2 protein chains.
Amino acid sequence: MKLDKTDIAILRALQEDGRQSNLALAEKVHLSPSPCLRRVRQLEEAGVIRGYTAILDEKAYGLPLTLFVRISLERHSSEAVEGFEEAIAGLEEVVECHLLTGSADYLLRVVVADLDDYQRFMREEIHQITGVSSIETSFSLKRVKEARVYRKP
Amino acid sequence: MKLDKTDIAILRALQEDGRQSNLALAEKVHLSPSPCLRRVRQLEEAGVIRGYTAILDEKAYGLPLTLFVRISLERHSSEAVEGFEEAIAGLEEVVECHLLTGSADYLLRVVVADLDDYQRFMREEIHQITGVSSIETSFSLKRVKEARVYRKP
DNA sequence: TGAAATTTGGCATAACCTGCCAATCATGAA
DNA sequence: TTCATGATTGGCAGGTTATGCCAAATTTCA
């Protein structure tokens, strides 16, 4: 799908505020409501917009600790990789997981309630996964930056 | 702010779909529309809901490459730290930046269009920041998992 | 148990969404 | 340049949804 200037403006406005009314959005992108809504629907159907979500304050929600866990596997056979990825997919503490180039195989982003919860997560979940050769955990002390609008492509 | 069971249900439903109508939301959490909307507004005003955003397909949007950059500083004086953090804040390629415990000081998540864009970003932006002692870049080969709903707290 | 405070549901009005159609604009060929 | 074709837009009408208010129900705490 080809994106023109108006599409980019719509996408950026909806990243800024995903719940704004179509009227407000239309005004921002200099369209009248009906073509604006039609474009949004097209962007949704084409999969450019994958969905909408509420952004929570993790602290207020009760999961104030964010950790990043770098994990390497002993072997990289399909079975080992698939087994690991399935195990990760089942862990609700793991918010995000990337397969990486470089010194570690995977980077996980994990949210937990407190240090006890962290310890439990490590002992009961991560350490139970077979084929893991190394684990390195870093706590996020501070979210220095969080942009929710991507730059123009 | 104290969150009861219904608040949690609302927050989880809005993470699932931040644009659903108040009517649909009310039904899901077993409330009638008016108290449901009132709770949502309260959660917004209390800052538990920090906002709403559209989730884009980075590939379709034209920024298909995600990289994680681990950076350490030479010194950790307030000036060095503030200088670095301000520099990062100004880079629109940097979507996220965390101050970390462990072997690296910062973890950056960066989105770029292609390898040329990556090279330009490194040369023109990152390498221009003073006080950086080490940089380690990893490309995301695959997003193995992405949960947009936090587990219950 | 009983009173106060909080929360809920229903209603009326206002705002918004959405599908349809004519008008406008962009595109490409002659 | 001109004209024809297709794509996109704007306005309108009807249906849906949001929102503020008030009485009723529920919870809380003494």
Side-chain angles (χ1 to χ4, degrees), chain A residues 1-63 113 148-153, chain B residues 1-63 113 148-153:
Chain A
M1 183 178 180
K2 275 191 64 178
L3 305 177
D4 66 12
K5 223 165 184 176
T6 305
D7 290 322
I8 303 296
I10 288 175
L11 293 170
R12 287 170 63 91
L14 284 177
Q15 285 179 97
E16 196 90 49
D17 178 4
R19 256 209 128 157
Q20 64 189 298
S21 73
N22 183 55
L23 253 62
L25 179 63
E27 192 159 358
K28 277 180 201 159
V29 304
H30 309 296
L31 274 184
S32 68
S34 49
C36 181
L37 184 66
R38 213 168 330 149
R39 278 173 181 262
V40 172
R41 292 285 175 265
Q42 268 175 249
L43 290 165
E44 288 168 358
E45 266 155 46
V48 184
I49 297 174
R50 289 166 53 218
Y52 301 90
T53 192
I55 301 161
L56 303 192
D57 181 320
E58 289 89 347
K59 211 167 176 176
Y61 183 69
L63 297 173
R148 57 188 190 204
V149 183
Y150 289 144
R151 70 174 234 249
K152 285 181 202 155
Chain B
M1 181 176 181
K2 276 191 62 178
L3 305 177
D4 67 12
K5 223 165 181 176
T6 305
D7 291 322
I8 303 295
I10 288 175
L11 293 170
R12 287 171 62 92
L14 284 178
Q15 284 180 97
E16 197 88 51
D17 177 5
R19 258 210 124 152
Q20 65 190 298
S21 73
N22 183 55
L23 254 62
L25 180 61
E27 191 158 359
K28 276 180 200 158
V29 304
H30 308 299
L31 274 183
S32 68
S34 48
C36 182
L37 185 65
R38 212 166 330 142
R39 279 172 180 261
V40 173
R41 293 285 175 266
Q42 268 175 248
L43 291 165
E44 289 168 358
E45 266 156 44
V48 183
I49 297 174
R50 289 167 51 219
Y52 301 90
T53 192
I55 301 162
L56 302 192
D57 182 320
E58 288 90 348
K59 210 167 175 177
Y61 184 69
L63 297 172
R148 59 187 189 205
V149 183
Y150 289 143
R151 71 173 232 249
K152 285 182 202 154

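Note that the structure is predicted; figures quoted are calculated from it, not measured.
With contacts defined as side-chain heavy-atom distances shorter than 4.5 Å, the pair A/R41/A/E44 qualifies. Proximity of B/R39 to B/V29: side-chain heavy atoms (C-beta onward) are nowhere separated by under 4.5 Å. Between B/E27 and B/L23, every side-chain heavy-atom pair lies at or beyond the 4.5 Å cut-off.
Within 6.0 Å of CD in A/Q20 there are more than 12 heavy atoms belonging to other residues, nucleotides or ligands.
The main-chain N or O of B/G18 is found under 3.5 Å from a side-chain atom of A/R19 such that the two form a donor-acceptor pair. In this structure, B/D57 contributes its side chain and A/R50 its backbone to no donor-acceptor pair below 3.5 Å.
The separation between B/L31 atom CG and C/dG10 atom P is 12 Å, rounded to whole Å. Taking atom CG of residue B/L37 and atom C1' of nucleotide C/dC11, one finds them 15 Å apart after rounding to whole Å.
Against DNA chain D, the stretch residues 1-26 of chain A makes no heavy-atom approach under 4.0 Å. Residues of residues 40-57 of chain B that place a heavy atom closer than 4.0 Å to DNA chain C do not occur.
With no hydrogens or angles considered, a side-chain donor-acceptor pair links B/Y150 and A/E58 at under 3.5 Å.
Between the side chain of A/S34 and the base of D/dG10, at least one donor-acceptor pair of N or O atoms lies under 3.5 Å.
Side chain of B/S32, nearest nucleotide from C/dT7, C/dG9, D/dG10: C/dG9.
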Run the side chain to side chain contact (heavy atoms under 4.5 Å, CB included) test on B/R148 and A/Y52 for me, step by step, so that the C-alpha distance in whole Å, both residues' side-chain angles and the decisive distance to 0.1 Å come before the verdict. CA-CA 10 Å; B/R148 59 187 189 205; A/Y52 301 90; over 6 Å; no
